[in-house]
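First up is the structure itself, then whatever we jot down about it.
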Number of protein chains: 2
Amino acid sequence: MSKAVAILDEAGDSALTFRALAARIGGGVGSIYWYVSSKDELLDKAADFVMDGVLADTREFSSDDPIDDLRHIAIALFETVVDRPWLGSYFMRNVATQPNSMRFYELVGQHVLRLGMPPTESFYAASAVVGFVIGTASDLGQEPPEELVTGQTTREEFFARTVAQWNELDPDEWPFLHTILDVFEGHDDTEQFKAGLDLILTGLRLQAESLGGS
Amino acid sequence: MSKAVAILDEAGDSALTFRALAARIGGGVGSIYWYVSSKDELLDKAADFVMDGVLADTREFSSDDPIDDLRHIAIALFETVVDRPWLGSYFMRNVATQPNSMRFYELVGQHVLRLGMPPTESFYAASAVVGFVIGTASDLGQEPPEELVTGQTTREEFFARTVAQWNELDPDEWPFLHTILDVFEGHDDTEQFKAGLDLILTGLRLQAESLGGS
DNA sequence: ACCTGAACACCGTTCAAGT
DNA sequence: ACCTGAACACCGTTCAAGT
């Protein structure tokens with residue numbers, strides 16, 4: 001069942017309708033309600049199904065540097081969410097129906113605990129890392145609007161066009177936009193994410209050094 | 001027009017339907033399409049309308065510490081988005097229809113520029129701060145599911161119940177969850193956000209010191 | 001130029017009825 | 001216990017028709 005859901009997710013987010021899912025399984029529309037009580041619960045279970053894979057990929061990460069492990073885990077989560085922006089809205093949304101998401105959060109937390117900080121800071125740190133990954137990934141995962149309809153416009157053309165728009169703006173009024181123009185045009189989403197992640201992790205490392213035990 | 005939209009947003013996200021909006025304005029369903037070509041565009045404009053207020057509140061922030069200004073701006077954005085989780089999905093989604101969102105991004109960027117880092121790092125930094133705020137706010141802004149239907153369950157009861165659930169779990173298998181149990185029960189969303197934000201900002205300060213000019 | 005509202009295609013959800 | 005599919009209420013969107 002969750003398998004059929006995961007398959008549909010690959011075909012796009014909005015494509016997941018009860019009728020389409022029923023047709024895919026080869027049954028009636030109403031039969032899905034025997035296994036799931038609403039569409040929200042369907043997506044909850046789909047999210048947890050995906051998180052099972054992430055968990056399998058990240059469970060074994062273990063070096064002697066907790067921050068380094070957190071970095072690898074975060075990147076793995078980012079890569080799965082950036083391809084499934086819907087996951088951002090449902091990840092850990094329901095504690096009861098998402099055991100794998102909870103296990104993942106626990107895994108992140110365990111690495112944080114190795115830093116030896118007090119409970120409050122550990123809670124904040126784990127939440128910040130997970131929150132940044134989910135937030136950034138589901139944001140960057142969104143396709144540029146309207147452009148896919150046109151069909152022909154590629155990602156490069158889209159960026160080129162926005163850059164061209166920005167270029168028209170007054171440099172005195174928009175100094176920042178003009179500064180980043182060139183780097184924005186050729187930027188890579190994953191690199192952008194990693195840079196932000198490293199800001200958090202350096203902040204965390206610093207905090208751990210001043211608060212941590214051992 | 002955008003005013004009517006903003007009013008409806010206060011009554012909740014899913015309450016914004018073309019029929020409800022038309023009734024609110026006192027017109028026909030179709031008339032809205034004269035001003036807006038789709039629901040996405042309606043929400044784009046609603047988002048930009050809200051951002052106009054944020055911009056007015058944050059434009060004047062200017063101390064001698066750029067990081068401190070970034071912190072104030074970020075908190076202001078967080079507070080508006082946490083009350084309007086839908087904003088997270090539409091903020092800066094369309095460059096053309098969201099001039100205020102662009103101005104806001106530029107404002108953040110200008111403070112980043114004061115750190116004197118190269119363009120790439122400046123771009124990454126501004127994006128990381130904005131991304132963290134939007135991501136965390138739209139996540140924390142979501143109401144706990146199903147509980148509002150029951151009506152009687154307050155936020156405290158909801159947390160108490162999840163904590164009770166976690167308490168049942170094996171401490172050997174869930175060391176992190178058990179460590180944060182107490183602090184989670186009484187935690188404040190805004191404090192949690194600020195702690196994560198400060199991790200990013202300390203990371204940023206450190207980077208600026210090693211890369212920055214002046 | 002701007003508005004109307006019936007009509008259309010498409011949702012999630014329910015439920016009496018089947019096996 | 002598990003499935004079926006018509007029916008219902010409700011969407012966003014279109015469009016001929018009005019002023």
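So that the names make sense, note that chain A is the first sequence line, chain B the second, and so on, each numbered from 1.
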- Message: Any strand counts, and the cut-off is 3.5 Å on both contacts for Watson-Crick or G-U wobble. Which nucleotide pairs with C/dC2?
- Response: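 Base-paired to D/dG18.
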- Query: With both distances under 3.5 Å as the test, what is the Watson-Crick or G-U wobble partner of D/dC8?
  - Reply: C/dG12
- Item | A/Tyr90 and A/Asp40: side chain donor to acceptor below 3.5 Å | yes
- Between atom CG of B/Leu140 and atom CD of B/Gln142, what is the distance when rounded to the nearest 0.5 Å?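 Nearest 0.5 Å value for the CG-CD distance: 9.0 Å.
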- Task: Assign the ring pair A/Phe78 / A/Phe193 to parallel, tilted or perpendicular, where the plane angle (0 to 90°) is split at 30° and 60°.
- Result: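 A/Phe78 vs A/Phe193 ring planes: parallel.
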- Could you check whether the rings of B/Tyr105 and A/Phe176 sit parallel, tilted or perpendicular, using 30° and 60° as the cut-offs? perpendicular
Distance below 4.0 Å between [X] side-chain N/O and [N] OP1 or OP2:
{"X": "B/Ser31", "N": "C/dT4", "answer": "yes"}
{"X": "B/Trp34", "N": "C/dC3", "answer": "no"}
{"X": "A/Thr17", "N": "C/dG12", "answer": "yes"}
{"X": "A/Tyr35", "N": "D/dC3", "answer": "yes"}

Euclidean distance, atom [atom1] of residue [X] to atom [atom2] of [N] [Å, nearest integer]:
{"X": "B/Phe18", "N": "D/dT14", "atom1": "CZ", "atom2": "C1'", "answer": "12 Å"}
{"X": "A/Ile32", "N": "D/dG5", "atom1": "CD1", "atom2": "C1'", "answer": "12 Å"}
{"X": "A/Leu43", "N": "C/dG12", "atom1": "CG", "atom2": "C1'", "answer": "12 Å"}
{"X": "A/Leu21", "N": "C/dT13", "atom1": "CG", "atom2": "C1'", "answer": "15 Å"}
{"X": "B/Tyr33", "N": "C/dT4", "atom1": "OH", "atom2": "P", "answer": "15 Å"}
{"X": "A/Glu41", "N": "C/dT13", "atom1": "CD", "atom2": "P", "answer": "10 Å"}

- Query: Does the separation of the ring centres of A/Phe159 and A/His187 fall below 6.0 angstrom?
  - Reply: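 A/Phe159 vs A/His187: aromatic centres under 6.0 Å.
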- Note on the structure: DNA chain D nearest-nucleotide lookup for B/Arg19 and A/Gly26: closer to the 5′ end is A/Gly26
- Query: On a whole-Å scale, what distance lies between the C1' atoms belonging to C/dC2 and D/dA17?
  - Reply: 13 Å
- Message: With rounding to the closest Å, how many angstrom separate the C1' atoms on D/dC8 and C/dC11?
- Response: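 So the two C1' atoms sit 12 Å from each other.
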- Message: Under 4.0 Å, heavy atoms only, any strand: does B/Gly27 hit a base, just the sugar-phosphate, or nothing?
- Response: sugar-phosphate
